Amino acid sequence: MEKYIGEYLLPGQLGHFFIILSLVASLVATIAYFMDVRTVRLNPGTTFSPWRTLARGAFITEVISVISIFAILFYIIHNHRFEYYYAWKHSNLSLEFKYLLACFWEGQEGSFLLWSFWHCLLGLVVIKTAKSWESSVMTIISGAQFALATMVLGIFFFGSKIGTNPFILLRDTEGFLNNPDFRVNGDLSGPIMNNYLSHIVDGNGLNPLLQNRWMVIHPPVLFLGFASTLIPFAFALAGLWTRRISEWINQALPWALFSLAVFGVGIMMGAWWAYESLNFGGYWAWDPVENASLVPWLILAAGIHTLLIYKHSGYSLRSTYLFLVLTFIFVLYSTFLTRSGILGESSVHAFTDLGMNVQLFLFLYGFVWLAPILAANTFNKRIITLFSAAVLGLACYFLNISWLPLIAMLGGVITFMVFVFQQVPSVKKEEEGSSREFWMFIGSLVFFLSAMVIIFKTSLPVFNKLFGINTAAPEDVEYSYNQIQVLVAVIIGLLTGATQYLRYRNTPTKMFWKKMALPLILSIIASALVLAFGKVNYTQKGLGFEMEIWLAVAASVYAIIANAGYIWIGMRGKLNLSGGSVAHLGFGLVLLGILLSSAKKEVLSYNTSGIAVSFGEKSDQKPGENLTLVKGMTMKMGKYDVTYRGDSLHPKKPTQRYFRIDFRQRETGEQFTLWPDAFINDKENALMSSPDARHYLSHDVFVYVSSMPDPGKNTDTSKFVSHVRSVGDTIFYSKGYIILEDLAGADNIPLDKLSPKDSAYTATLHVHSFARQGDYKRNLLLVKPFDKPSYAEPDTVMAEGLILRLDDLNGGKANIGVRESDNVLEYVTLKAYKFPFIGVLWGGIVITAFGTFMSMARRIRLNRAARNKTEAAAGS
Amino acid sequence: MKKIHIILLVAIAAAVAVLVSFLQATSTYDTVATARSKPGKFVHLMASWDKGSPLQYDAINNPNFLSFTAIDTLGEKVKVIYNNPKPENFEQAPRLVMKGKYVNGVFECSNIQTKCPSKYKEEAGSNNTQTTQAGSNGAQPASTRTISELSK
């Protein structure tokens with residue numbers, strides 16, 4: 001074997017070893033847990049078999065392997081071992097420590113590992129707490145772990161590649177092998193140079209847009225959300241499998257609540273990242289990647305509500321099964337969407353195809369059919385289901401029928417629904433219209449259907465592929481979602497507010513109105529005030545949509561007030577019981593924050609400078625939404641005077657450039673500075689910009705760079721050339737001439753901090769351009785404070801690339817500085833927004849999560865108390 | 001029939017209605033020729049910037065006006081007008097997805113999506129050559145130099 005100088009191969013070999021070990025261990029754990037379930041069932045009276053010991057050992061081995069893989073890969077990235085492709089591709093030397101983790105999960109392999117890591121931790125908790133559910137639930141978790149382990153395997157199996165391995169060496173990759181620079185004599189047929197590593201001075205680096213603090217924390221939280229949806233899924237299937245149709249719900253409930261909170265926070269951290277570092281002007285763009293994670297969250301929320309309905313009233317157990325199972329299925333579907341490259345044109349931030357589509361499809365397909373296989377109530381049905389799943393799967397692979405995969409997936413879900421209907425009893429009696437469960441179910445149904453509508457729209461690229469059609473998103477994508485979801489917000493807002501005031505089974509009308517009256521009146525007053533003084537005037541889409549927004553605002557205000565009220569009216573202020581109300585209150589704030597910030601979002605940077613020359617052809621009717629600032633020149637932007645002062649570079653990363661933009665509120669005199677930044681992408685020499693925002697209680701001022709001079713051309717060498725002239729004299733410049741028309745001492749100049757002892761002068765210049773046949777007038781100001789050096793305010797004739805300055809004044813003669821900087825003016829084009837009440841949204845998220853955790857803690861306490869009681873009863 | 005079943009049916013019918021109306025509102029991916037054949041209709045034009053034709057963009061005078069010629073894979077050309085700043089990596093994008101309408105001989109574009117290979121994740125191995133070459137002659141990458149010059 002050949003030796004290459006500088007390579008350190010041990011970590012990679014260990015990594016490979018642990019990958020294989022984790023694959024084997026998870027398979028052993030799956031089989032052993034399965035056998036334990038089987039053995040215990042076949043021997044009534046027993047609760048334990050030796051298989052379980054083996055299974056636990058295997059799962060713990062799996063945990064150790066995954067943690068080792070994690071640690072080794074991090075070691076490789078942290079030590080910049082560029083002989084490993086993953087480190088070379090995702091990191092570089094100048095990267096700050098905190099972003100090394102972001103490199104870790106930038107790649108598909110790292111994010112699969114992250115997911116697997118969370119399954120490990122959650123699995124340990126299940127082993128510790130699940131008691132009689134351990135084996136059945138852990139069979140499913142271990143199975144999922146096995147599927148994830150194959151994703152990072154990177155071996156060839158009958159000619160097809162399974163997984164991509166994070167420990168692959170750079171010199172084994174195609175790009176490297178096809179590069180003659182690394183061959184002896186620069187010839188592709190020659191051997192690789194044994195000192196090739198010395199030519200690799202730096203890695204590829206992390207995409208600058210991902211160099212953001214939220215990218216360090218958002219993926220772990222989101223993947224914990226993803227991972228935790230597996231647990232309610234596993235409990236539901238374990239319930240069907242072991243024929244304990246309803247006993248699992250008490251244990252699954254805290255898990256589902258945990259998942260809901262973490263998943264929701266994870267999604268919104270991503271939204272926050274988009275708000276902070278992407279320049280599509282907001283936190284949510286209905287991008288397929290965002291939708292794909294929102295959809296399972298919505299279904300999970302529906303599932304938790306139907307679960308609570310069942311717990312308190314006996315209704316809705318079937319829907320609970322369906323929702324909790326579909327939650328995880330849609331997590332897998334979103335994995336497929338974002339990682340298979342199928343989104344292509346329709347998303348700006350999906351992963352690209354790593355050639356694993358068959359495997360990703362199998363991952364989804366396997367779990368879709370696992371549900372009916374476990375739900376089947378007889379052995380024969382189970383075998384037939386397994387067989388049909390296998391046949392359909394093979395048919396999808398070998399017969400090239402494009403719509404078959406869709407049918408195969410739907411077949412799995414429908415079979416599952418049929419089996420659930422057969423196994424799970426339902427209450428024949430109809431729910432009362434005045435009962436809590438009735439309206440909770442309506443809410444869950446609306447959530448679920450809203451999720452289905454969103455995923456259908458998001459799946460357009462999939463339908464294109466399946467049916468060979470050519471549809472693209474409608475003209476206004478965001479509106480196509482908003483117009484529907486705003487109605488969902490109305491319904492959900494109203495239900496969220498009212499339903500808690502209803503009792504399970506039925507509610508006496510009088511009692512309901514007695515409690516409801518005060519919150520209702522307050523809400524009507526409050527929403528009337530918000531709508532009257534809040535100026536929620538979103539007229540772009542017509543009156544109908546505007547009225548829908550008003551309704552939704554009123555509904556969310558009602559949700560907030562009614563839930564806050566319920567903590568006192570319903571719970572008498574007992575906060576430990578009020579997790580649900582707190583979460584719903586938070587959710588009301590989320591809705592209100594979304595509505596206000598979106599409907600009242602204003603463009604601040606309308607191009608009102610007057611410089612915009614009409615181009616004759618097709619200049620837009622509305623003023624452009626972007627404003628160009630020339631360095632040092634103050635422009636008006638909304639209520640602000642803004643000045644581009646200059647830029648500075650990040651101390652460690654020379655590619656990151658911050659623009660200093662000074663703002664001054666004209667009315668209040670308030671001043672602040674924003675630093676939107678732009679990255680120069682090394683590889684493309686292209687600009688990517690990230691916004692900066694000034695946060696207020698009531699709104700954010702949000703600015704990003706939408707254009708700037710091409711840095712390649714921008715080598716400004718021009719200087720001020722001084723001309724000493726008397727009044728009436730002429731100065732020539734390359735494109736025309738300038739006449740000094742007047743010189744005057746100025747007394748009442750509206751400048752701050754100018755004392756009577758200071759003197760100021762103005763020079764009036766008339767600029768005539770030959771090229772444009774245009775005339776411009778400029779007044780130049782020179783201030784000579786008595787105790788400080790004098791300063792001149794330059795003025796610019798931008799169309800001419802001219803900068804003028806009155807440098808000095810002596811004996812009736814003016815010294816005028818003229819600078820011509822054609823094409824080299826330092827400028828930056830900005831887009832600025834005002835986002836009102838965005839804080840309400842973020843605050844609402846925190847409160848929702850907090851309330852959900854409160855509920856979770858309460859459910860865990862209740863479960864524990866119930867268990868102690870049964871144990872005590874069994875003991876006595 | 002139970003109340004809940006009626007509501008279920010109504011809700012599902014509403015969802016289906018929403019989806020049907022959504023499908024009618026969808027647009028299509030088009031080439032220059034097909035976009036031209038349906039003037040005034042909103043389409044997604046897939047083409048690239050024809051570097052042989054002049055590009056008009058003057059950020060100082062009007063940052064909200066960009067005009068250039070797009071060429072599709074069939075070689076058809078069309079003049080494009082875009083009332084927004086030039087997208088950041090416009091020059092580098094191998095392909096543009098332009099959303100807009102063909103009106104009066106020009107393609108009026110409301111959104112340009114630049115499909116840049118490195119926008120998020122590049123194809124494995126696609127840009128190895130560039131960076132490793134910069135590494136192999138031991139020099140700093142060109143763009144880093146430009147920026148350090150800028151900082152002066």
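None of these values were measured; they are calculated from a predicted model. Numbered from 1 within each chain, the chains take letters A, B, ... in sequence-line order.
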Considering only heavy atoms from C-beta outward, does the side chain of B:F42 approach that of A:D476 to under 4.5 Å?
no

What part of A:F463 gets closer than 4.5 Å to chain B, counting heavy atoms only: side chain, backbone, both or neither?
neither

Among B:D30, B:V43, B:L23, residue most engaged with chain A (heavy-atom pairs, under 4.5 Å)
B:L23

Rounded to the nearest 0.5 angstrom, the CE-CG distance for A:M452 and B:L19 is 10.5 Å

State, to 0.1 Å, how close B:K2 and A:K429 come at their nearest heavy-atom pair, and which atoms those are.
NZ-O, 3.9 Å

Please give me the minimum heavy-atom distance between B:A25 and A:P474, naming the atom from each residue.
O-CB, 3.3 Å

Interatomic spacing from CD1 in B:I4 to OG in A:S316 - rounded to 0.5 Å:
6.5 Å

Tightest non-hydrogen contact, residues B:K3 and A:E430, listed as N-OE2, 2.7 Å

Determine whether a donor-acceptor pair (N or O, by modelled atom type, separation under 3.5 Å) exists between the side chain of A:N470 and the backbone of B:Y29.
yes

Between the main-chain N or O of B:N64 and the side-chain N or O of A:N626, is there a donor-acceptor pair closer than 3.5 Å?
no

In terms of heavy-atom proximity below 4.5 Å to chain B, should A:T471 be classed as side chain, backbone, both, or neither?
both

Nearest heavy-atom neighbours spanning A:A473 and B:S27:
O-OG, 2.7 Å

Pick one of side chain, backbone, both or neither for B:L8, based on which atoms fall under 4.5 Å of a heavy atom in chain A.
both

Applying a strict 4.5 Å limit to non-hydrogen atoms, the region of A:L460 in contact with chain B is side chain

Which residues satisfy the side-chain contact (heavy atoms from CB on, under 4.5 Å) test with A:L206, sequence neighbours excluded?
A:L95, A:Y99, A:A102, A:C103, A:E106, A:L210, A:Q211

d(B:T26 OG1, A:K457 NZ) to nearest 0.5 Å is 11.5 Å

